[in-house]
Amino acid sequence: MGEQLGGLKRTYMCGELTVEYVGKSVVVMGWVNSRRDHGGLVFIDLRDRTGIVQIVFSEQVSKEAFEKVQSVRSEYVLAVEGEVVKRLPENVNSKIPTGEIEIYAKNLKILSKSETPPFPIEDRSNISEAVRLKYRYLDLRRPSMQKNLITRFKLTQAVREFLNDNGFIEIETPMLIKSTPEGARDYLVPSRIYPGKFYALPQSPQIFKQLLMIAGFDRYYQIARCLRDEDLRADRQPEFTQIDIEMSFVEVEDVLDINERMIKHVFKKVLDVDLDIPFRRLSYQEAMERFGTDKPDLRFGMELKDLSDILRESEFNVFKNALKNGGSIRGINVKGAALMTRKQLDELVEFAKNFGAKGLLWMQVLEGEVKSPATKFLTEGELNKILERLEAEVEDLLLIVADKDEVVFDTLGHLRVEMAKRFNLIDESKYEFVWVVDFPLLEYDEEEKRYVAKHHPFTSPKDEDIDLLEKEPLKVRAKAYDVVVNGTEIGGGSIRIHDTELQKRMFKVLGFSEEEAWKKFGFLMEAFKYGAPPHGGIAYGLDRLAMIITGSDTIRDVIAFPKTQNAVCLMTDAPSEVSEEQLKELHIKVDL
RNA sequence: GGCCCAAUAGCUCAGUUGGUUAGAGCGCCAGCCUGUCACGCUGGAGGUCGAGGGUUCAAGUCCCUUUUGGGUCGCCA
């Protein structure tokens, strides 16, 4: 059994001891990072969240402590009382901040023993995700994970600081809410009191924040947990956190402006990075045409170029069909990549097919010739114009896709990023922010055979496009915006509809009958009747933002207890079966 | 739901064309060591090769099924 503290007080954290403390009697507490036993002399590196300090045990200092330390092993929890001593110059460890001093141990308490941990508690070993998640509390003991969670904390502090100073009020909204159509699959919670009825867990506080605006809170924020029952990715967890913000009496520019200032504040506070504001702005249309995506990575060029006009008269069937079907022909220029092998090129074609492209046309621009499966189908004039349009030079690789616009953009957009990664074109030290604005309000859902909201059904159309709502729904642009950094969408929002009539028209376009709309969103429509201010806001993916700021590859590394790709918690084994009694109480029969 | 990668000692991995008793580094255990800090030296323990089935004289290795972890497309307003 471990010893009790017995009144012993910690006086310093391990990482804060420096030469300034030489001569002081101190008490430190922490975990054994490592033990180096030299027989007559034992070194222990003691670790807490602030760092590591070396403790020296020898018979001369304390026979009792020296004898006690013989049994100490990795990850034992110790309290050490001793004197801070300056190390001899030849013994200084310049790799750690406390490396100029050490503690001569006079008194040792073994507060807790530890079995040998399943993996070493250090940053340099890369342990499989499964083992890390099963022993998450040990994984979180590693310095890099501690740093990540502390950075995340600083991030939320900086956000709160800014919003508090700018008149925003933090308000909580319910977790047990009404299930509404549209959007992601809900997590459901059965009601015990009302057999057969369910609450939903919120996908976001969207409707509640709008109701808070109607209630007159004017500026609201919340760091809110959101839940969506959809398939996971490196940057998606079933539960995640949003920085949720809403403001009254504002237009698009007002929202963008205050958010730029907030992001600038946060980056300064957390990373000491000075961002230039205002951020660049791109319309959705322009983002798609130049980068093939609505979340462009602006740290490098390689922009898409439209070749349709050049190939208008082409006899090549691939081009002809694409244009005939209302599509386009576009390409990118991968500088200096011409010398790829045939196998690598074939792999690129396969890569392109992932995004629905039927093929990918490559052109190797070589000294005096262009190697490509397409050259024989092109006139010399066409070829030269393509080279000119893509600013091709010797050793460049041109990649061309002809298809529906949607497929062309998606394929080239992904190829652009993939090639930039392969050829190391990305400056990792940069933060390239951009607002993508003027999103389409609606898109057509082939499965459901109806229009669906691209953002959400409360998003306001642009004033000048309102009249197109019924006539040409796909042409209506929204007062919606996303903030993108380095190719990752970290936040998005919109100015909302605050008018009952317009909201009704919107529901109608979405294919809801009056009754349906009223049944699902009646409380909101009702609220609109009593004086709704113009309002809008934004929501950030806090986890993604933390991922960017810490330079992590996955949001799991900035979440204390994440789930696997199959939405399982390996530590607690959730989800799990529940007792018959629990099910009975909820009037639920499991049908497997 | 589709596609791709991985699974061998506690951890990270190697294991050739199917062929003797499955290896390495780290960790662990024991002994030695008063200046290490990825301590060192000597010795030792440790394996259901993810699981099931098949082919074969013989399977970690080939085939099928399956489970788990990861990546990705669909999906995620």
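So you know, we letter chains A, B, ... as the sequences are listed, proteins then strands, and number each from 1. Note that the coordinates shown come from a computational prediction; the quantities given were computed from them, not determined experimentally.
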**Prompt:** According to the interplanar angle, ranging from 0 to 90°, do the rings of F351(A) and F355(A) count as parallel (below 30°), tilted (30 to 60°) or perpendicular (above 60°)?
**Reply:** perpendicular

**Item:** Whether Y451(A) and Y444(A) hold their rings parallel, tilted or perpendicular, with breakpoints at 30° and 60°
**Value:** perpendicular

Over all strands shown, is [X] touching base, sugar-phosphate only, or nothing at heavy-atom distances under 4.0 angstrom?
| X | result |
| --- | --- |
| F458(A) | nothing |
| N93(A) | base |
| P117(A) | nothing |
| T459(A) | nothing |
| S125(A) | nothing |
| S128(A) | sugar-phosphate |
| E90(A) | nothing |
| Q565(A) | base |
| Y104(A) | base |

**Item:** Under 5.5 Å and under 30°: H38(A) stacked on U36(B)
**Value:** no

**Message:** Should F119(A) be counted as stacked on C11(B), where stacking needs a ring-centre gap under 5.5 Å and an angle between planes under 30 degrees?
**Reply:** no

Could you tell me the Watson-Crick or G-U partner of [N], where both distances fall under 3.5 Å? Say none if there is no partner.
| N | value |
| --- | --- |
| C3(B) | G71(B) |
| G40(B) | C32(B) |
| C26(B) | G10(B) |

Report yes or no: is there a donor-acceptor pair, N or O only, under 3.5 Å between the side chain of [X] and the base of [N]?
| X | N | result |
| --- | --- | --- |
| E102(A) | G35(B) | yes |
| N566(A) | G69(B) | no |
| D37(A) | C33(B) | yes |
| R228(A) | C75(B) | no |
| E59(A) | U34(B) | no |
| R87(A) | U36(B) | yes |
| R132(A) | G69(B) | no |

Separation between the [atom1] atoms of [N] and [M], rounded to whole Å:
| N | M | atom1 | result |
| --- | --- | --- | --- |
| G27(B) | C13(B) | C1' | 14 Å |
| C26(B) | U72(B) | P | 35 Å |
| C64(B) | U20(B) | P | 25 Å |
| U8(B) | G15(B) | P | 14 Å |
| C63(B) | U55(B) | P | 15 Å |
| G54(B) | A22(B) | C1' | 23 Å |
| A51(B) | G47(B) | P | 14 Å |
| G52(B) | U12(B) | P | 22 Å |

Atom [atom1] of [X] and atom [atom2] of [N]: how far apart are they, to the nearest Å?
| X | N | atom1 | atom2 | value |
| --- | --- | --- | --- | --- |
| E446(A) | G74(B) | CD | P | 15 Å |
| D139(A) | G10(B) | CG | P | 19 Å |
| E230(A) | C75(B) | CD | C1' | 5 Å |
| R185(A) | C76(B) | CZ | P | 9 Å |
| D231(A) | C73(B) | CG | C1' | 11 Å |
| R556(A) | G69(B) | CZ | C1' | 9 Å |
| L133(A) | C11(B) | CG | P | 14 Å |
| R124(A) | U12(B) | CZ | P | 14 Å |

Which nucleotide in the set [options] lies at the smallest distance from any side-chain heavy atom of [X]?
| X | options | answer |
| --- | --- | --- |
| S74(A) | G69(B), C28(B), U36(B) | C28(B) |
| I127(A) | G69(B), C28(B), U12(B) | U12(B) |
| R36(A) | G70(B), G27(B), U36(B) | U36(B) |
| A184(A) | C76(B), G74(B), U36(B) | C76(B) |
| N91(A) | C37(B), U72(B), G74(B) | C37(B) |

**Item:** Donor + acceptor pair across side chains of D244(A), Y220(A) (<3.5 Å)
**Value:** yes

**Item:** Donor-acceptor side-chain pairing of T488(A) and N486(A) below 3.5 angstrom
**Value:** no

**Prompt:** With respect to the phosphate group of U68(B), does any side-chain polar atom (N or O) of K134(A) fall under 4.0 Å of OP1 or OP2?
**Reply:** no

**Message:** Check this one for me: any side-chain N or O of R236(A) less than 4.0 Å away from OP1 or OP2 of C75(B)?
**Reply:** no

**Message:** If the test is side-chain hydrogen bond (donor to acceptor under 3.5 Å, both in side chains), which one of Q206(A), R496(A), Q210(A) qualifies with E246(A)?
**Reply:** R496(A)

**Complete:** Of K563(A) and F355(A), the one whose closest nucleotide on RNA chain B sits nearer the 5' end is K563(A)

**Item:** 5' precedence on RNA chain B between T564(A) and E122(A) (nearest-nucleotide basis)
**Value:** E122(A)

**Item:** Pairwise distance CG(L399(A)) to CG(L345(A)) - rounded to 0.5 angstrom
**Value:** 8.0 Å

**Message:** Main chain of E446(A), side chain of K449(A): is a donor-acceptor contact present, judged purely on distance under 3.5 Å?
**Reply:** yes

**Message:** With a sphere of 6.0 Å drawn around CZ of R49(A), does it hold more than 12 non-hydrogen atoms of other residues, nucleotides or ligands?
**Reply:** no

**Complete:** Tested for side chain to side chain contact (heavy atoms under 4.5 Å, CB included) against R35(A), the lone hit among V69(A), V42(A), I55(A) is V42(A)

